[in-house]
Amino acid sequence: MSVNDFAGEHALVTGGAGFLGAHLVRELLARGSKVTVWDNLHTGREKNLAAIRTKISFSEKDIRTVEAKSVAEKFSVIFNLACPASPPHYQKDPVYTWETSVLGIRNMLQLAELQGARLLHASTSEIYGDPHVHPQGESYWGNVNTVGVRSCYDEGKRAAETLCADYTRFKGVDARLFRIFNTYGEFMHPDDGRVISNFCVAAAKGTPVPIYGDGSQTRSFCYASDLIAGILALARLPRERYDGPINLGNPGEFTIRELVTVLERITGKKLSTQNHPLPLDDPKMRRPIIERAERILGWQPKVQLEEGLRRTYDYFAAEIGSLA
Ligand code: UDP
């Protein structure tokens with residue numbers, strides 16, 4: 001793995017105070033980049049950047065309202081991560097979510113066009129919706145409810161992909177899309193609401209682990225450091241080799257019940273569970289085909305679920321301890 005391969009770059013990371021942003025910013029710094037973070041702290045936390053605060057430039061900015069021509073700094077690469085990503089958070093203010101996805105990426109594309117920066121946009125496996133095709137490759141167009149409770153996120157992210165493709169076709173912007181499948185790790189908020197954080201927090205507190213539905217639905221979980229390595233490989237890819245959205249995720253597929261078993265092995269405890277209704281439009285299965293990322297980026301996830309979950313559980317246990 002090369003170090004300093006971002007020396008000379010000035011990276012803008014929107015959503016840099018969020019879970020993945022906090023990882024990405026650290027890795028960019030480690031590889032020699034100058035880093036600016038914009039985050040309106042809607043779901044991001046300054047705490048995630050506290051340890052590296054003096055090494056970055058941080059502004060509390062909302063990408064829905066940034067005007068490209070008013071931006072004084074000059075960036076060579078933009079990573080657009082700003083958007084709530086956990087179902088309870090993105091559904092809390094759906095109009096905000098849609099605007100952040102759609103107006104936010106429009107503004108970042110205008111900035112990339114004006115500054116000649118390349119743009120890396122965080123898309124999502126949610127664009128496949130509740131898939132009829134399994135596992136999901138990039139050529140699958142998805143099965144998304146346009147008017148459901150998840151649509152603000154799913155359709156917002158789909159529209160953002162469309163804008164990226166059209167800014168590339170019509171305005172020559174170097175915009176690259178990566179589709180993130182369920183990712184977990186340190187810096188997640190204890191109240192994030194996603195399955196891994198909820199399960200780790202419940203296990204650490206000794207409260208019942210909440211299972212939505214019967215727990216037979218599947219997901220594929222990628223550890224944060226693996227995902228960041230994939231994003232940075234895409235950022236370094238010569239432009240002519242990018243030919244469309246790339247799935248980034250770990251193809252290991254687990255039912256939600258199996259996740260409880262893995263957590264039991266890690267904690268050495270028998271965990272009690274509590275069943276809750278399955279949320280509306282909850283996808284029944286999800287697993288990425290990552291052949292494209294392997295071929296184009298030479299990328300594969302390295303961290304197995306048990307190892308990543310052990311580190312993540314330790315992080316949550318410490319977070320819960322610090323709040324007690
Ligand atoms: N889930 C669960 N318990 C929780 C949170 C989520 O059983 O406390 C389930 C949820 O219904 C879904 C899966 O776990 O089937 C993954 O949910 P998450 O919110 O992490 O992300 P999603 O992939 O649905 O966006």
A.B. asks: With ring-ring contact (aromatic ring centres under 6.0 Å, His included) as the rule and sequence neighbours excluded, what pairs involving residues 154-178 come up?
C.D. replies: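 Not a single pair qualifies under ring-ring contact (aromatic ring centres under 6.0 Å, His included).
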
A.B. asks: Check this for me: Lys205, atom NZ, are more than 12 non-hydrogen atoms of other residues, nucleotides or ligands nearer than 6.0 Å?
C.D. replies: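 No.
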
A.B. asks: From the options Leu81, Asp39, Thr100, Leu111, select the one residue that forms a side chain to side chain contact (heavy atoms under 4.5 Å, CB included) with Ile63.
C.D. replies: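 Answer after filtering Leu81, Asp39, Thr100, Leu111: Thr100.
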
A.B. asks: Quick one: do the Thr218 and Glu253 side chains pair a donor with an acceptor below 3.5 Å?
C.D. replies: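 Side-chain D/A pair, Thr218 to Glu253: present.
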
A.B. asks: Verify whether one side chain among Asn40 and Tyr96 offers a donor that lies under 3.5 Å from an acceptor in the other.
C.D. replies: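 Yes, because at least one side-chain N or O of Asn40 sits under 3.5 Å from a partner of the opposite role on Tyr96.
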
A.B. asks: Are any of the side-chain nitrogens in Asp314 or Arg311 under 4.0 Å away from the carboxylate oxygens of its partner?
C.D. replies: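 So Asp314 does not pair with Arg311 through a salt bridge.
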
A.B. asks: Going by atom types alone, do Asn247 and Tyr128 pair a side-chain donor with an acceptor below 3.5 Å?
C.D. replies: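 There is such a pair between these side chains.
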
A.B. asks: Do the side-chain N and O atoms of Asn107 and Arg64 include a donor-acceptor pair separated by under 3.5 angstrom?
C.D. replies: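 Per modelled atom types, Asn107 and Arg64 side chains form no pair under 3.5 Å.
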
A.B. asks: Report yes or no: do Gln91 and His89 form a side-chain donor-acceptor pair below 3.5 Å?
C.D. replies: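 Per modelled atom types, Gln91 and His89 side chains form no pair under 3.5 Å.
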
A.B. asks: Looking at Phe19, is Arg194 sitting on its ring face, NZ or CZ under 6.0 Å from the six-membered ring centre and within 45 degrees of the normal?
C.D. replies: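 Not satisfied by the 6.0 Å and 45° rule.
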
A.B. asks: Using a strict 4.0 Å threshold on nitrogen-to-oxygen distance, state whether Arg31 and Asp5 make a salt bridge.
C.D. replies: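 Salt bridge flag = yes for Asp5 with Arg31.
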
A.B. asks: Just to verify, what does Glu161 make a side-chain contact (heavy atoms from CB on, under 4.5 Å) with, not counting sequence neighbours?
C.D. replies: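 Glu161 satisfies side-chain contact (heavy atoms from CB on, under 4.5 Å) with Ser123, Ile127, Leu177, Arg179, Pro245 once adjacent residues are dropped.
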
A.B. asks: Are side-chain N/O atoms of Asp130 and Asn143 paired as donor and acceptor at under 3.5 Å?
C.D. replies: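 Absent: no donor and acceptor within the cut-off.
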
A.B. asks: Can you see whether Glu73 engages Thr36 through a side-chain donor-acceptor pair at a distance of less than 3.5 angstrom?
C.D. replies: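 Yes, Thr36 and Glu73 have a side-chain donor paired with an acceptor closer than 3.5 Å.
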
A.B. asks: How about Lys74: does its NZ atom have over 12 heavy atoms from other parts shown lying under 6.0 Å from it?
C.D. replies: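 Counting other residues, nucleotides and ligands, NZ of Lys74 exceeds 12 neighbours.
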
A.B. asks: side-chain contact (heavy atoms from CB on, under 4.5 Å) with Val77: which residues, sequence neighbours excluded?
C.D. replies: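 For Val77, the residues satisfying side-chain contact (heavy atoms from CB on, under 4.5 Å) (neighbours in sequence not counted) are Glu9, Ala11, Phe79, Arg118, Leu120.
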
A.B. asks: Is the closest side-chain donor-acceptor distance between Ser220 and Asn250 under 3.5 Å?
C.D. replies: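 The answer is no; no qualifying pair exists.
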
